[in-house]
Amino acid sequence: MKDHYDPSIIEAKWQKKWEEAKLYRRHDSSDKEKWYFLTMLPYPSGDLHAGHWYAMSPSDAGARFKRMRGYNVWFPIGFDAFGLPAENAAIKHGLHPYTWTMANIERMRGQLRKLGTMFDWEHEAISCLPGYYQWTQWFFRKFYDMGLAYRDKAPVDFCPTCNTTLAREQVWGEDRHCERCGTPVIIKNLAQWKFRILNYAEELLDGLDQVQWPERVKTMQRNWIGRSEGVEFTMPVQGHPDLSFRVFTTRPDTTFGMSFAVLAPEHPLVEQIITPAQHEAVHDYVDAAKRKSELARQTDAGEKTGVFTGAYAINPVNQQPVPIWIADYVLMGYGTGAIMAVPAHDERDFAFARKYGLATPIVIVPSEVYAAGDATAWDEEAARTLAEAYSLKEGGVMVNSAAFDGTPWPRSFDATAAWLAEQAAGERKINYRLHNWLISRQRMWGVPIPIIYCPTCGTVPVPYEDLPVLLPEDAEFKPTGESPLKYHEGFRFVKCPQCGGDAEREIDTMDTFLCSSWYQYAYLSPYWKEGETLSADDIPWDAQVAEMWMPVDLYTGGIEHATMHLLYTRFFTKAMRDAGVVDFDEPMLRLFNQGMILGEDGEKMSKSRGNVVNPDDYVSQYGADAVRAFLMFIGPWEQGGPWNPRGIGGVQRFLHRVWTVAVNPPTTPTGATPSDRQIADLRRATHQTILKVTADYEEFKYNTMIAALMGFSNTLTTAKETSVYGSDAWNEAISSLLLMMAPAMPHISEELWQRLHKPFSIHTQPWPQGDPELAKEDVIEIPVQINGKVRDRIQVAAGADKASLETAALASEKIQAWIEGKTVRKVIAVPGRMVNLVVQ
RNA sequence: GCCGACGUGGCGGAAUUGGCAGACGCGACAGACUUAGGAUCUGUUGACCGCAAGGUCGUGGAGGUUCGAGUCCUCUCGUCGGCACCA
């Protein structure tokens with residue numbers, strides 16, 4: 001029979017068969033250990049692109065591998081279906097976002113099936129359906145009840161292109177641009193809903209020690225949370241017995257070195273303390289600071305400006321008056337918006353002091369300098385000529401600090417902190433760079449925030465029984481900077497659930513990151529409750545099922561979510577735990593970040609660059625198996641890299657070779673009986689490959705896994721023309737090859753498995769067991785070096801000990817020629833590795 | 001500026017963690033089969049010297065440790081990512 005590998009036929013055939021056989025249905029009762037394998041759910045943008053393939057096919061291979069390894073694997077998928085592109089498409093094409101989104105989902109479902117994935121479609125979740133988002137609202141309501149949701153008016157980041165506010169996490173880069181569209185954000189003063197993620201700051205830090213996540217993601221989260229430990233204390237204003245301000249410092253040990261204090265230009269105290277003489281200068285400066293965009297204020301970092309207020313504060317440790325300045329290098333949004341300036345021990349304060357001629361008294365010196373005992377090293381003259389701030393903590397000793405002189409770090413911190421606590425209303429304090437999560441969005445296509453504003457009762461949460469607050473189907477969706485829902489009177493005007501009077505709904509919708517913060521739970525069981533009313537005691541999933549499957553064992557997805565989704569979903573789980581709905585702390589135990597697949601030009605794929613790769617084209621030409629294997633072969637998964645259209649040909653040739661070696665008989669059958677040697681060689685290759693491939697799958701090293709399979713298939717192609725063909729060892733080799741290919745290339749392996757008359761399905765077969773004994777070489781070639789340079793290679797028994805290695809090396813003719821007339825001073829023999837002769 | 005990752009043939013990348021650098025694949029070159037080849041198969045392919053046997057050099061650069069370094073240490077250059085006046 002002359003047939004050849006035709007992926008277009010076999011792939012469709014098996015996809016249908018797998019579905020009919022319900023091969024990937026979840027099993028809730030099983031003796032096997034459960035493995036919840038989750039990949040980040042896609043946004044239904046319309047087409048599955050190369051990036052989806054790069055994220056999903058190796059994930060799928062991982063899930064299939066784990067299943068063959070004997071785990072009860074569950075691998076669900078869904079759609080993160082609220083969000084801006086739907087609205088933008090709606091505006092452009094006059095379609096309702098719902099229609100656009102659902103059509104895309106339908107399309108992408110088909111594409112995901114063509115990929116050959118083992119997704120369990122029975123547990124799909126779609127976040128824009130009322131059955132889903134009623135629970136997103138339920139979470140909001142829970143958090144409200146717990147005091148975790150609040151509304152305040154404050155300066156917030158606003159994207160003028162997306163026409164909505166953003167969370168701090170969604171503002172990226174030096175120019176503070178919108179994470180989604182790249183437009184620099186502007187600052188607006190708006191009343192917005194926020195979640196108190198800061199309540200969990202400490203726990204979000206500690207929890208990182210419990211999860212197996214890439215170190216760089218942990219680092220990014222730690223940086224983002226930005227914990228800093230210090231002391232906050234009170235500075236009285238001289239001549240104003242009723243006025244004082246608080247400052248935060250991480251260096252209470254330097255308080256004696258304070259030579260001025262700085263308030264942020266926005267600090268409320270500024271107005272009350274300016275002296276008439278300074279009035280105009282200060283006002284000019286404050287106005288300029290206000291006008292200055294956030295961007296300019298960032299970019300100007302380094303060039304410090306400020307102005308004296310005319311007022312003085314009292315340094316509590318020595319009662320010295322210090323001038324109060326205002327400067328925009330002090331930010332109102334961090335700490336107290338005011339600092340004590342210690343120029344000798346802080347670079348920024350130093351730069352400011354030198355510019356404006358302020359004193360730089362030295363109060364910390366390195367311990368060696370202190371030990372030398374020469375006080376001229378920290379006297380007034382030394383301070384005057386100081387070239388740069390000495391800001392190290394470790395190894396510093398206090399000087400010019402009265403009773404504290406000689407106190408080294410870190411005792412200096414504790415001692416001065418205690419003193420400030422007693423004498424200056426000070427307290428140890430921990431500040432975080434993390435901001436509370438701003439969740440209000442002025443867009444239509446999102447989850448309505450279930451809040452009602454009543455003139456009589458104030459802010460009233462929508463009762464659980466009234467959820468969901470449905471998104472009106474006929475709402476205007478043009479963004480204006482205010483929520484489009486404002487113009488939908490039927491939505492906006494309601495009766496107050498408490499007093500029954502006229503009231504208005506909150507018109508903003510929620511950040512879509514709320515939807516994706518709990519989707520791993522939504523997959524668990526049907527979450528929609530047709531016609532049922534919700535209550536505070538409900539939970540969105542079956543507790544028993546959650547008990548069985550949560551938390552997620554392995555999560556795969558892109559690094560871009562390091563400080564957004566991955567932070568939010570951890571916060572959600574911790575808050576849910578405190579609400580009593582889950583009993584663990586971390587939702588995702590392990591995390592793997594794949595890299596990004598780039599265009600042929602090595603640049604990020606984008607429509608404007610015209611370098612977008614449409615995988616469908618390649619699938620129709622080469623088949624899904626070839627595209628999957630190619631993406632895995634391209635390089636380390638975590639690294640990503642450019643799409644190279646030529647490389648896929650190599651993978652395709654490999655698949656054809658496998659087909660030929662498995663299906664076609666040898667060109668010239670030998671008919672002879674294989675020797676023991678031939679059998680052993682073949683089995684060695686088989687078991688070496690099994691061991692290598694198994695280890696590679698475990699560690700997501702898919703590129704070397706494919707390489708090993710290629711090598712093995714090359715070996716088999718050669719071996720086929722020898723007398724081992726048709727032997728037990730041969731059959732073992734072929735079935736092992738197919739089994740090892742199955743997770744990565746599910747269709748061709750299933751097809752060939754069937755052609756070898758093996759039982760359906762290859763994907764439910766146990767993983768082949770590698771035998772280290774069979775994999776062992778009996779004779780190995782090792783290099784013999786002279787003074788570290790390879791001069792010969794010798795064949796030795798694999799188990800040869802040092803002495804026999806040495807003997808064999810010295811017996812080599814080439815080696816003898818090299819050492820003739822010289823003295824062998826030392827022989828280093830490493831069994832199984834090499835021999836090195838040190839010769840003089 | 002701070003923190004982190006990375007730097008290996010013409011290209012993508014390997015290298016059981018200190019022990020044969022360049023696995024596997026792409027590309028290129030040569031050959032076979034072909035009316036044809038942008039199909040398939042076979043072989044060669046780090047650079048330099050040499051007719052050859054063989055030799056020398058070689059993992060961004062400079063030093064160091066070691067019998068032995070892509071791997072460890074010090075300095076340095078470059079690329080990418082994160083944070084950035086956070087007191």
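Heavy atoms only: backbone and side chains are in, while hydrogens, waters and symmetry mates are out. Below, chains carry the letters A, B, ... as their sequence lines are ordered, and counting in each starts from 1.
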Exercise for review: Give a yes-or-no answer on whether the side chains of A/Asp617 and A/Tyr622 include a donor-acceptor pair shorter than 3.5 Å.
Suggested key: no
Say you pick atom [atom1] in [N] and the same atom in [M]; how far apart are they, in whole Å?
| N | M | atom1 | answer |
| --- | --- | --- | --- |
| B/rC29 | B/rC80 | P | 33 Å |
| B/rU79 | B/rU45 | P | 36 Å |
| B/rC85 | B/rG12 | P | 36 Å |
| B/rC67 | B/rC6 | C1' | 31 Å |
| B/rU65 | B/rC57 | C1' | 23 Å |

Closest nucleotide among [options] to the [X] side chain:
| X | options | answer |
| --- | --- | --- |
| A/Trp818 | B/rG55, B/rC41, B/rC3 | B/rG55 |
| A/Tyr329 | B/rC20, B/rG12, B/rC85 | B/rC85 |
| A/Asp346 | B/rC26, B/rA87, B/rG19 | B/rA87 |
| A/Ala707 | B/rG68, B/rA87, B/rC24 | B/rC24 |
| A/Arg646 | B/rC3, B/rA84, B/rC26 | B/rC26 |
| A/Phe633 | B/rG12, B/rC20, B/rC85 | B/rG12 |
| A/Met710 | B/rA84, B/rC24, B/rG54 | B/rC24 |
| A/Arg791 | B/rG55, B/rG13, B/rA87 | B/rG55 |
| A/Thr704 | B/rG19, B/rA15, B/rC24 | B/rA15 |
| A/Pro636 | B/rA87, B/rG13, B/rG54 | B/rG13 |

Check your understanding: B/rC67 base to A/Lys826 side chain: any donor-acceptor pair below 3.5 Å?
Key -> no
Review point. Any donor-acceptor pair under 3.5 Å between the side chain of A/Arg657 and the base of B/rU40?
Key: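 Answer no: no donor N or O sits under 3.5 Å from an acceptor.
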State whether [Y] and [X] meet the cation-pi test: NZ (Lys) or CZ (Arg) under 6.0 Å from the six-membered ring centroid, and within 45° of the perpendicular axis.
| X | Y | value |
| --- | --- | --- |
| A/Arg251 | A/Trp409 | yes |
| A/Lys304 | A/Phe352 | no |
| A/Arg570 | A/Trp213 | yes |

Review point. Is the backbone N or O of A/Lys814 less than 3.5 Å from a side-chain atom of A/Asp792, with the two atoms forming a donor-acceptor pair by type?
Key: no
Practice item. Without swapping roles, check the side chain of A/Thr718 against the backbone of A/Asn714 for a donor-acceptor pair under 3.5 Å. Key: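 A pair under 3.5 Å: yes.
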Check your understanding: Can you check whether A/Phe630 and A/Trp643 have ring centres sitting under 6.0 Å from each other?
Key -> yes
Review point. Does A/Ile748 reach the side chain of A/Trp659, with side-chain heavy atoms less than 4.5 Å apart?
Key: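 Yes, their side chains come closer than 4.5 Å.
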Practice item. Could you check A/Asn836 against A/Arg653 and say which one's nearest nucleotide on RNA chain B is further toward the 5' end? Key: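 Upstream on the strand: A/Arg653.
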**Study point:** A/Lys814 vs A/Pro783, nearer the 5' end of RNA chain B by closest nucleotide
**Key:** A/Pro783
Check your understanding: Stepwise, does the side-chain contact (heavy atoms from CB on, under 4.5 Å) test hold for A/Val247 with A/Val231?
Key -> CA-CA 8 Å; A/Val247 295; A/Val231 176; over 6 Å; no
Review point. Can you give the dot-bracket line for RNA chain B, using ( ) for pairs inside the strand, [ ] for pairs that cross earlier ones, | for pairs with another strand and . for unpaired bases, where Watson-Crick and G-U count if both distances are under 3.5 Å?
Key: (((((((..(((......[....)))((((((.......))))))((((....))))..(((((..]....))))))))))))....
Review point. In residues 684-697 of chain A, which ones come under 4.0 Å of RNA chain B, going by heavy atoms?
Key: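 Here the set is empty: none.
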**Study point:** Neighbour count >12 (heavy atoms, 6.0 Å) for atom NZ, A/Lys355
**Key:**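 Yes.
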